[in-house]
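Have a look at the structure below, then the notes.
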Amino acid sequence: MTPPETPDEIPPHYDAAATERTLYEEWERAGVFHADAARSTRSGGDRDPFVIVIPPPNVTAALHVGHGLNSTVQDVLVRWRRMAGDEVLWVPGTDHAGIATQNVVEKLLAAEGKTRQDLGREAFVERVKSFVTETGGQILRQLRAIGASADWTRTAYTLSPELSRAVREIFVRLYDDKLIYRGHRVIHWCPRCLTSLSDEEAEHSETTGSLWHIAYPVVGDPARQIVVATTRPETMLGDVAVAVHPDDDRYRDLIGKRLLLPIANFEIPVIADSYVDRAFGTGAVKITPAHDPNDFEVGKRHALPMPVIMAPDATMADGADSAGRVPATLRGIERFAARRMMVAQLESEGRLVKVEPHQHAVRHCYRCDTVVEPRLSDQWFVKMAPLAAPALEAVKDGRIRILPERHEAVYINWLTGIRDWNISRQLWWGHRIPVWRCPDCSHEKAYRDDPTSCGQCGGTALQQDEDVLDTWFSSWLWPFSTLGWPDDTADQRAFYPTDVLVTAPEILFFWVARMIMAGLYVKKEVPFHTVYLHGTVRDMQHRKMSKSLGNGIDPLQVVDEFGADALRFTLMQGMGLGVDVMLDPADLEKSFAPGRNFATKLWNIGRFLLMQVGAEPVRAFESIPETALTNADRWILNRLSTAIAECDVALGPARTAGPWSEGLRVAGMRLDAHAETARRFVWNELADWYVEAAKSRLLGSGDDREVARAILVHVFDQGLRLLHPIMPFVTESLWRRLPTFEAGTFLARANWPTPAPALSGGERFDLIREAIGTVRQLRADYSIPPGQKIVAHVVSPDATAKARAALLFHEAALIARMARCELLSTPAPGGAAAHALLSHGLELVLPLAGVVDLQKEITRLGAEHVALSKQLDALRGRLSNEKFTGKAPPELVEAERTKEREWTARRDQMQSKLHDLGAA
RNA sequence: GGGCGAAUAGCUCAGCUGGUUAGAGCACCUGCCUUACACGCAGGGUGUCGGGGGUUCGAAUCCCUCUUCGCCCA
């Protein structure tokens with residue numbers, strides 16, 4: 001699709017909407033994002049593989065700006081490596097998200113007045129499936145809108161048949177290795193979702209509650225009682241003891257005595273256990289083994305009964321081992337209502353000693369925010385210690401680095417104290433636990449394929465476990481299950497291990513750490529060498545963006561209004577390593593102006609180029625002899641090389657051979673630095689200086705015009721390449737309009753630039769820039785109207801200065817245009833004039849009769865003189881200090897000496913100037 | 001309660017292993033429709049680098065301490 005428009009028909013503002021969709025479709029059609037396993041060096045190919053697996057969003061999710069940030073980071077890396085010549089694979093996909101998705105569908109059912117139980121398990125699962133098929137995966141389509149260059153032919157889903165097989169395979173392996181077991185213990189239970197949760201899924205939040213002090217009378221000694229302090233009085237019906245510290249003198253004589261549990265009127269013993277914190281509350285703790293994990297441990301140590309006193313929905317009810325504990329008046333009452341009733345009863349019975357406000361952390365369900373109820377039950381667990389040890393080692397020895405570095409400490413801390421992982425969920429949506437039990441012989445076993453008869457007794461009445469697996473039990477296989485594991489596939493050989501894992505720090509434990517464990521357990525190799533944890537998008541009050549707060553930003557709306565490139569550039573520019581990105585949801589215009597403005601600027605540079613350079617062929621950059629290059633050419637080419645080198649440092653290295661060395665461990669991944677460097681080059685160097693300098697050359701003819709055209713195209717082309725990973729659409733659409741464009745090629749597949757050796761002479765253009773800047777400043781200082789032409793007399797006090805002055809006259813036309821100032825070699829006439837010193841002793845004198853008055857000029861120069869003198873004095877002080885010259889590195893001292901010479905000459909010059917003007 | 005981090009311009013942040021006259025974007029002020037661009041151009045820094053102490057020839061940078069925020073874990 002060569003542009004039919006002529007340059008002056010290109011609109012002055014980049015129209016993102018008109019460009020992006022068709023461009024994306026073209027990329028996809030041409031297979032630009034497709035990875036070829038055979039080309040990976042691991043498969044005998046000629047390209048290093050570079051692989052990222054997407055953190056799979058929930059299948060029901062809609063794109064929010066957090067996904068936008070996360071995906072843009074990945075896309076920048078992936079596009080960069082693709083241009084750098086790697087065989088790049090970005091694996092996209094979604095997560096079935098057990099609890100979350102089941103909740104969504106249950107809500108839909110509720111609107112129809114139904115529950116999942118009404119439908120029954122099979123029908124419910126079918127219902128979820130069809131819901132997911134119809135509405136699911138929209139987020140993957142939305143990712144295309146922001147330019148994500150994933151290989152869609154490899155789209156994965158955690159509940160697909162292929163990935164389900166991977167889940168089953170690892171379950172069986174772990175089961176057979178005795179790393180999965182069934183445990184009877186207190187777990188976190190969500191009474192709304194009606195399922196157990198892992199430790200990580202039960203989130204803490206600080207709450208101000210109450211600490212109730214309740215008196216338990218001593219049986220047979222009406223004068224005595226023990227006061228216990230509790231934050232959860234409703235659980236007292238499940239109390240089986242009161243524990244005190246064995247060395248606590250207050251209670252020592254009561255150990256072994258019995259107490260009367262109020263309300264329930266049960267007798268319970270006083271026991272001694274050093275777990276009790278004497279300083280907390282009254283130093284006496286009620287022990288409720290079935291409803292508190294610590295009490296459960298105490299109960300086990302003392303062989304106490306463990307009565308459950310709540311139904312799964314957290315209404316009060318007799319449960320296991322609790323016959324008769326819950327009075328009829330409380331049965332069926334919700335736990336917090338029951339709490340109020342019980343507190344009232346205790347008060348009326350005189351058992352409530354006091355109530356004090358109490359700050360403590362209450363755990364909530366990470367999916368529905370319901371207060372979690374600790375509950376004794378049978379669950380499946382993964383034994384973590386054997387899996388954690390190698391995962392810990394991998395980070396410690398540098399095979400994996402975590403950025404920002406400080407998160408490594410968090411990771412190590414967590415893995416060091418890791419607890420077993422509860423993987424069973426009492427849900428219907430998910431991978432069903434592949435364990436069957438034979439009712440005839442009680443044989444229990446995990447099967448890779450559904451069994452028809454018991455392997456031990458041949459019975460055929462096998463029953464499968466009712467529970468499903470934690471969603472994260474499928475996610476932790478993601479880096480290799482998406483590549484075909486457990487089969488030995490070409491993809492797996494070509495693309496495992498992957499390279500960088502990009503995600504938010506919140507799921508370091510949920511997901512990242514477990515992937516490392518699974519990768520090492522199954523593949524004996526780390527799943528990636530770099531974990532990049534990015535910040536969170538927040539609003540102007542630094543609040544996380546969320547649906548409930550209504551402070552979210554819809555990335556698709558941003559794409560509509562400003563373009564995907566504007567969204568991406570703005571996000572990347574604000575992406576300091578691990579730093580949160582602040583955006584104002586109330587003012588999208590302001591938030592995304594930087595990206596939008598820059599996209600337009602780029603567009604206009606392109607527009608200018610196309611107008612001036614035209615469509616006629618340009619010389620190949622390589623064919624231009626160095627002698628044909630002007631100072632400006634040399635300068636911009638050097639700036640380009642610097643920019644390329646800086647971008648490379650900002651992004652890379654992409655990988656290392658072996659573990660990360662100390663020096664490289666924190667290197668690269670500075671996406672904000674990459675964005676800023678590329679922006680600075682294109683805008684502040686190319687557009688502000690080189691394009692301006694090239695204008696007059698383009699108006700001319702002959703060889704120099706051709707050189708200018710070629711350099712302009714080359715340099716802009718290179719700039720587009722540097723920016724393409726961040727702003728793929730506008731850069732691609734400009735790139736294909738360049739006269740050097742070859743049909744059928746894509747910027748997305750063009751070579752990443754490499755820096756060239758510095759050309760001599762580039763610094764001569766700096767003198768031109770200095771002269772222009774100086775005149776502009778004088779014009780502003782003296783408020784010379786822009787329309788008014790002025791002249792400057794160039795004064796060269798010595799031979800060096802004369803040589804430099806020649807340079808200025810050589811570029812006199814450029815200076816005249818950019819500074820609106822004509823250069824003259826004649827001595828300045830007498831009278832009021834503005835004076836400026838340039839480097840190398842050069843001097844400009846601007847006779848401005850009627851504008852400059854002598855006194856003002858003296859004041860201005862005087863102020864400059866004072867400032868310079870001050871700095872020079874400090875510098876001289878340093879240089880005359882023997883401690884400095886003796887201890888500081890010699891090259892620094894030498895540099896300071898050079899500076900001293902320059903400053904001294906400058907000050908002397910300024911002084912004589914002031915003297916000439918008649919200053920005291 | 002334990003651990004980690006941050007504090008630099010009005011706002012959001014760079015400033016790596018100590019050595020430029022402390023920077024960028026946005027905002028702001030002044031002047032400009034200079035034939036690519038007003039989503040732009042030119043000029044302007046508006047700062048006790050959170051407070052105090054220390055190490056050093058030299059501290060925004062290293063150490064101690066205090067204050068204020070934030071995050072993770074129990």
Side-chain angles (χ1 to χ4, degrees), chain A residues 7-8 10-14 199-200 203-204 277 280 294 360-361 363 404 406-411 413-414 417 505-506 508-509 535-536 538 540 542 562 566 570 573-584 589-612 649 662-663 666-667 670 672-673 675-677 679-680 683-684 687-688 691-692 695 772-773 775-781 783-787 817-820 867-868 870-872 874-875 877-889 891-893 895-896 899 903:
Chain A
D8 41 291
I10 305 176
H13 289 179
Y14 168 60
D199 293 341
E200 292 70 37
E203 294 181 334
H204 292 278
D277 176 6
F280 181 79
N294 292 317
H360 61 135
R363 288 189 182 247
R406 67 190 131 91
H407 285 289
E408 284 185 5
V410 178
Y411 173 91
N413 181 47
W414 183 73
E506 295 98 274
L508 182 60
F509 305 142
T536 308
R538 296 177 184 277
M540 300 318 276
H542 298 195
F562 310 104
T570 304
Q573 198 194 31
M575 268 293 308
L577 190 59
V579 172
D580 290 343
V581 179
M582 309 297 166
L583 293 171
D584 189 352
E589 157 78 26
K590 188 181 141 202
S591 293
F592 294 96
R596 192 262 327 255
N597 294 355
F598 184 43
T600 304
K601 182 71 184 184
L602 257 185
W603 183 256
N604 277 301
I605 297 168
R607 229 157 62 96
F608 168 80
L609 228 97
L610 296 169
M611 280 188 214
Q612 300 302 317
V649 168
E662 206 46 56
V666 297
R670 309 300 295 250
D672 56 334
E676 173 52 24
T677 299
R679 190 204 64 82
R680 184 203 68 213
W683 195 327
N684 301 126
D688 288 351
V691 166
E692 291 304 322
K695 276 180 177 171
I772 292 169
V775 175
R776 280 174 172 173
Q777 201 175 315
L778 285 176
R779 292 190 70 110
D781 282 353
S783 306
I784 315 285
R817 202 163 42 75
M818 292 187 73
R820 292 155 185 281
L868 183 59
K870 228 191 226 165
Q871 281 159 20
L872 186 56
L875 184 59
R878 218 175 309 154
L879 282 169
S880 63
N881 183 343
E882 276 165 30
K883 285 179 180 167
F884 171 72
T885 52
K887 288 185 182 178
E891 59 272 18
L892 180 78
V893 177
E896 297 284 78
K899 207 153 63 175
W903 287 4

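We name chains A, B, ... by the order of the sequence lines, and we start the count at 1 in each one.
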Donor-acceptor under 3.5 Å (A:N604 side chain, A:T600 main chain):
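Yes; judged by distance alone, with no hydrogens or angles, the pair exists.
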
Nearest-neighbour nucleotide for the [X] side chain, [options] considered:
X	options	answer
A:T600	B:rA14, B:rC39, B:rA36	B:rC39
A:H13	B:rC13, B:rC39, B:rA36	B:rC39
A:Q777	B:rG19, B:rG43, B:rC4	B:rG43
A:P786	B:rU12, B:rC32, B:rA36	B:rC32
A:R679	B:rC72, B:rA24, B:rA36	B:rA24
A:A780	B:rC13, B:rC39, B:rG43	B:rG43
A:K590	B:rC13, B:rC26, B:rU20	B:rC26

Distance-only donor-acceptor test (3.5 Å): side chain [X], base [N]:
X	N	answer
A:K601	B:rC37	yes
A:Q573	B:rA14	no
A:R596	B:rC39	yes

Return the pairing partner of [N] with a 3.5 Å limit on both distances, Watson-Crick or G-U wobble; otherwise return none.
N	result
B:rU67	B:rA7
B:rG58	none
B:rA36	none
B:rU48	none
B:rC41	B:rG31
B:rA24	B:rU12

Which part of the nucleic acid, if any, lies within reach of A:E589 when heavy atoms closer than 4.0 Å are counted: base, sugar-phosphate only, or nothing?
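Nothing: the residue A:E589, judged by heavy atoms under 4.0 Å, touches no strand.
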
Base, sugar-phosphate alone, or nothing: which one does A:N413 contact when heavy atoms must sit under 4.0 Å apart?
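Nothing, no nucleic acid heavy atom in range.
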
Does the side chain of [X] get closer than 4.0 angstrom to OP1 or OP2 of [N] through an N or O atom?
X	N	value
A:W683	B:rC41	yes
A:R363	B:rA74	yes
A:N604	B:rG40	no
A:R878	B:rU20	no
A:K695	B:rU35	no

Taking the [atom1] atom of each, how far is [N] from [M], in whole Å?
N	M	atom1	result
B:rG5	B:rA9	C1'	23 Å
B:rC16	B:rU56	P	23 Å
B:rG50	B:rG40	C1'	39 Å
B:rC26	B:rA60	C1'	23 Å
B:rA74	B:rA59	C1'	38 Å
B:rG10	B:rU46	C1'	9 Å

Taking atom types as modelled, find out whether A:R878 and A:N881 have a side-chain donor-acceptor pair closer than 3.5 angstrom.
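Not at all, the side chains of A:R878 and A:N881 share no donor-acceptor pair under 3.5 Å.
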
A:K883 or A:P594: which one's nearest nucleotide on RNA chain B is closer to the 5' end?
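Checking each residue's closest nucleotide, the 5'-ward one belongs to A:P594.
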
